[in-house]
Number of protein chains: 2
Amino acid sequence: MITIDYSDRRPIYEQLVDKIKNLILIGLLKPDEQLPSVRILATELSINPNTIQRAYAELERQGVIYVVKGRGNYVAQTTNLLAQHKEEIKGKIEAIVEEAKKANVTKEEVIEEVTKCYDKC
Amino acid sequence: MITIDYSDRRPIYEQLVDKIKNLILIGLLKPDEQLPSVRILATELSINPNTIQRAYAELERQGVIYVVKGRGNYVAQTTNLLAQHKEEIKGKIEAIVEEAKKANVTKEEVIEEVTKCYDKC
DNA sequence: ATAACTGTATTAACACTCTTAATACACTTA
DNA sequence: TAAGTGTATTAAGAGTGTTAATACAGTTAT
């Protein structure tokens, strides 16, 4: 369900945050569904429970999951997450468009590339 | 000409590599133009000469600059850099388009966003 | 030649972050 | 009560980035 990419320069806890967000976004984890416990996930991934805890704490801070002490971590409602994700995507588009423009890539070329990629993938 | 962003999580030497590439791309540094010496730039930016050296070494490795020992570092021909930069932009477009598609953002929405950003910035 | 620039290399120390390890404590559930 | 949850703390280790001090070699102008 989750794997760690040790060639990724980002810290493990940050990868975990993104992977779990992604699992929620694609619907593999649904609202109010329980996440694996800190210790179990740590064992599965062969990493330290503290690292899992750090990722879960960050996810809670972001409102992506909620915690019931003594019971476990659960997926929160996804409304905000979905909206945030769309905003994030728009922000990335804006950044790359600005970079493209600076590099004298025409609007048409950008759109052409978008179309090609969208149909391919 | 160059500033360091200490809130940027990336290491200084990596920021330098990007900033210098950018100066070349926008034409502020031209082929065969001499770059500031390791020691002078270090003094200007109030950082260690070794850090500049590391950035210059990486730029040389990438073929962006060339070195004449005892004389200095010079901007290389920009043909490859320009081509690489365009490829890099295409790669980024591909990545974001893929992400958008996964998030159920339609092709039309992406293009709409591209158009809006392109005209605005 | 000499001085004052260049780049390059080496070694050591320091700081920061990430990760691990070993515990301990509080809450929940069967 | 036992076994599972989350949470907190402290210490240690590893890795990377940065600094500092120094040395050496090539170039250029005087």
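In what follows, every chain begins at residue 1, and chains take the letters A, B, ... in the order their sequences are listed.
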Any side-chain donor near an acceptor of the partner, B/Glu88 and B/Gln84, under 3.5 Å: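 Not at all, the side chains of B/Glu88 and B/Gln84 share no donor-acceptor pair under 3.5 Å.
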Sugar-phosphate only, base, or nothing, as touched by B/Ile40 at under 4.0 Å among non-hydrogen atoms: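 Result for B/Ile40 = sugar-phosphate.
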d([atom1], [X]; [atom2], [N]) in whole Å:
X: B/Glu58; N: C/dT8; atom1: CD; atom2: P; answer: 14 Å
X: B/Gln53; N: C/dT10; atom1: CD; atom2: C1'; answer: 12 Å
X: A/Tyr56; N: D/dT5; atom1: OH; atom2: P; answer: 11 Å
X: A/Asp8; N: C/dT19; atom1: CG; atom2: P; answer: 11 Å
X: A/Ile65; N: D/dG6; atom1: CD1; atom2: C1'; answer: 11 Å
X: A/Leu45; N: C/dC18; atom1: CG; atom2: C1'; answer: 16 Å

B/Ile12 versus B/Tyr6, closest heavy-atom pair with distance: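 B/Ile12 and B/Tyr6 have their closest heavy atoms at CD1-CE2, 3.9 Å.
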Sequence-aligned protein contact record of nucleotides 25-30 of chain C, with B where the base is within under 4.0 Å of a protein heavy atom and S where only the sugar-phosphate is: --BSS-
Electrostatic pair [X]:[Y] at N-O distance under 4.0 angstrom:
X: A/Glu99; Y: A/Lys102; result: no
X: A/Glu98; Y: A/Lys101; result: no
X: B/Lys116; Y: B/Glu113; result: yes

Main-chain N/O of B/Glu14 paired with B/Glu58 side-chain donor or acceptor, under 3.5 Å: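 Side chain of B/Glu58 to backbone of B/Glu14: no pair is present.
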Main-chain N/O of B/Arg10 paired with B/Gln15 side-chain donor or acceptor, under 3.5 Å: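 Checked: pair present.
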A/Asn73 side chain near D/dG6 phosphate (N/O to OP1/OP2, under 4.0 Å):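 Result: yes.
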Short heteroatom pairs, N/O only, protein and nucleotides 17-21 of chain D, under 3.5 Å:
from: D/dG17; atom 1: OP2; to: B/Arg54; atom 2: NH2; distance (Å): 2.9
from: D/dT18; atom 1: OP1; to: B/Ile12; atom 2: N; distance (Å): 2.4
from: D/dT19; atom 1: OP2; to: B/Asn48; atom 2: N; distance (Å): 2.9
from: D/dT19; atom 1: OP2; to: B/Thr51; atom 2: OG1; distance (Å): 3.0
from: D/dA20; atom 1: N7; to: B/Asn48; atom 2: ND2; distance (Å): 3.4
from: D/dA20; atom 1: N6; to: B/Asn50; atom 2: ND2; distance (Å): 2.6

Separation of A/Thr78 OG1 from A/Leu81 CG (nearest 0.5 Å):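 One finds 7.0 Å between CG of A/Leu81 and OG1 of A/Thr78.
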Nearest-0.5 Å distance that lies between atom CD1 in A/Ile24 and atom CD1 in A/Ile65: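 Here the rounded value is 7.5 Å.
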